[in-house]
Amino acid sequence: MYSQGLIGADGGSEETQEFLDAFQARIDAEEKIEPTDPMPEGYRRTLVRQIGQHAHSEVVGMLPEGNWISRAPSLKRKLALLAKVQDEGGHGLYLYSAAETLGVTREQMTEELLDGTAKYSSIFNYPTLSWADMGAVGWLVDGAAIMNQIPLCRCSYGPYARAMIRVCAEESFHQRQGYEIMLTLCKGTPAQKEMAQDALNRLWWPCLMMFGPHDGDSAHSEKSMKWKIKRFSNDELRGKFIAATVRQAEFLGLTIPDPDLKWDDSLNGGKGGYHHGEIDWSEFWRVVKGDGVMNVERVEMRKAAWDDGAWVREAALAHAAKRSAKMAAE
Ligand code: FAQ
């Protein structure tokens with residue numbers, strides 16, 4: 001296992017205080033850390049964990065929407081959804097490549113996903129029950145993903161930061177196509193608007209959970225922020241997402257399913273923000289630990305795809321080996 005039992009660990013006695021201080025000085029000076037640079041073992045492991053989980057989320061995230069490609073209501077919708085799902089696969093590939101620069105293989109990361117050691121975003125363990133969910137996933141799930149990922153474009157680790165730039169551009173298109181589906185439904189028949197409201201009701205709270213536990217319960221935030229892997233805390237990003245989304249829901253004429261949502265001018269140093277109702281953390285941890293409605297099916301689908309693709313990987317490796325042998329002989 002590349003990360004089990006080691007996540008967030010420090011590198012041990014060989015990492016002198018002088019080395020750690022010099023590394024922190026580079027971080028504080030906003031220098032990018034590159035794969036061949038010396039880095040504390042805890043920094044490397046934190047990145048492998050986060051980038052690996054992020055990659056798995058993108059790839060598992062293809063499943064709830066892939067399920068609707070053949071049932072899209074028009075050719076235009078089908079094309080947009082197909083392109084979006086392919087984009088998510090591409091994001092997974094950039095991210096697996098970024099993690100590989102830290103000395104872990106894609107095979108190792110996949111093994112950890114399939115044996116349940118590595119996590120992926122809790123949101124993808126909820127089912128997508130109606131076409132309106134394709135609107136709500138784009139609007140809310142991609143909206144939450146962007147809020148979290150824009151600051152990752154400034155992550156201290158160069159390959160992760162650079163991968164996120166293209167990912168964020170594509171996620172913006174995804175968010176807009178989702179919002180446009182919601183807008184069409186909300187301007188449609190009362191039954192269509194009801195579908196849109198139902199999707200919002202089911203996905204709102206799981207989307208807030210995407211940002212992770214409250215700051216006081218977040219095991220990794222303090223170190224990740226010190227190392228400028230994360231630029232904002234989980235609660236800060238959740239608050240920004242709520243503030244942006246409330247106005248979008250108002251424009252759609254939809255109601256956010258939280259009676260405790262209340263604007264307060266005094267929050268965020270006078271910039272204002274929303275108080276929100278309590279998130280059901282017992283549900284969050286249950287889903288994260290594997291007991292969500294779709295956990296078993298999602299992992300089974302990934303396992304089937306990995307097993308079915310074995311011959312492609314073998315053929316590609318055989319071809320590469322043959323080419324290198326030929327080049328060596330020339
Ligand atoms: N689900 O100490 P923290 C997308 C875990 S991409 C599952 O706060 P951290 C695109 C966390 O891993 C969505 N597990 O952790 C798309 C840790 O467990 P560990 C994914 C969660 O890392 C759209 C433990 O709880 N985005 O949607 C979750 O500092 C549409 C303690 O938490 C990323 O991965 C959760 N929601 O902060 C695709 C972005 N939250 O490892 C298709 C990059 C927390 O100790 C369709 N990741 N945990 O066993 C991050 O920014 C961070 O990793 C956080 C968590 C913010 C997710």
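In each ligand, atom 1 is the first atom listed, and ligand 1 is the first ligand listed. Because only heavy atoms are used, hydrogens play no part in the values below, and waters and symmetry mates are left out as well, while side chains stay in.
- Both the backbone and the side chain of H54 come within 4.0 Å of ligand 1, counting heavy atoms alone.
- Considering every non-hydrogen atom in both P151 and M147, the closest pair reads CD-O, 3.2 Å.
- At least one side-chain heavy atom of R162 sits less than 4.5 Å from a side-chain heavy atom of P159.
- Annotation for ligand 1: atoms under 4.0 Å from non-hydrogen atoms of P213 are 8 (O), 32 (O), 44 (C).
- There is no side-chain donor-acceptor pair under 3.5 Å between H56 and E112.
- Put simply, part of Y160 is less than 4.0 Å from ligand 1, judged by heavy atoms.
- An N or O contact shorter than 3.5 Å links N148 to ligand 1 by distance.
- Residues that satisfy the salt bridge (Lys or Arg N to Asp or Glu O under 4.0 Å) test with K228, not counting sequence neighbours, are E30.
- Under a 4.0 Å criterion applied to the non-hydrogen atoms of D142, ligand 1 contributes the atoms 23 (C), 30 (C).
- Here the closest heavy-atom approach between residue A144 and residue F241 is recorded as N-CE1, 3.5 Å.
- For the 3.5 Å distance criterion, the side chains of Q50 and H220 fail to qualify, holding no donor opposite an acceptor.
- In this structure, E65 has a heavy atom closer than 4.0 Å to ligand 1.
- Residue contact check: K84 has heavy atoms under 4.0 Å from atoms 30 (C), 46 (C) of ligand 1.
- Checked by distance only, ligand 1 and S218 come closer than 3.5 Å through their nitrogen or oxygen atoms.
- Between A219 and ligand 1, at least one N/O pair is under 3.5 Å apart.
- Atoms of ligand 1 found under 4.0 Å from any heavy atom of S122 (numbered from 1 in listed order, with element): 1 (N), 7 (C), 35 (C), 36 (N).
- Using a 4.5 Å cut-off between side-chain heavy atoms of Ile, Leu, Val, Met, Phe, Trp and Tyr, with links allowed through other members, Y160 and Y43 fall into the same hydrophobic cluster.
- Using a non-hydrogen distance threshold of 4.0 Å, E171 registers as a contact of ligand 1.
- Side-chain atoms of Y94 and R166 form a donor-acceptor pair, as typed in the model, at a separation below 3.5 Å.
- Here Q149 has side-chain heavy atoms under 4.0 Å from ligand 1, and that is the only part of it that gets that close.
- With 3.5 Å as the limit, one finds a donor-acceptor pair spanning the side chains of D115 and T117.
- Residue Y120 holds the heavy atom nearest to atom 7 (C) of ligand 1 of all those in F124, W285, Y120.
- Here is the list of ligand 1 atoms found below 4.0 Å of a heavy atom in S57: 13 (C), 20 (C).
- Around atom CE of M225, more than 12 heavy atoms belonging to other residues, nucleotides or ligands sit under 6.0 Å away.
- Comparing E88, E222, E58, K230 by heavy-atom distance to atom 37 (O) of ligand 1, the nearest is K230.
- When all heavy atoms are compared, the tightest approach of L208 to R238 is O-NH1, 2.9 Å.
- For D258 and H276, the side-chain atoms include no donor-acceptor pair closer than 3.5 Å.
- Residue contacts with ligand 1, taken as heavy atom pairs separated by less than 4.0 Å, involve N234 solely via side-chain atoms from C-beta onward.
- Interface of V141 with ligand 1, defined as ligand atoms under 4.0 Å from a residue heavy atom, comprises 23 (C), 27 (O), 30 (C).
- Checking K119, Q175, H174 against atom 18 (O) of ligand 1, the nearest heavy atom belongs to K119.
- The ligand atoms of ligand 1 that sit less than 4.0 angstrom from a heavy atom of F211 are 56 (C).
- Of all atoms in ligand 1, listed by their number and element, those nearer than 4.0 Å to a heavy atom of G61 are 42 (C), 46 (C).
- Residues H54 and Q149 approach most closely at NE2-OE1, 2.7 Å, considering heavy atoms.
- Considering backbone and side-chain atoms alike, L152 places every N or O at 3.5 Å or more from each N or O of ligand 1.
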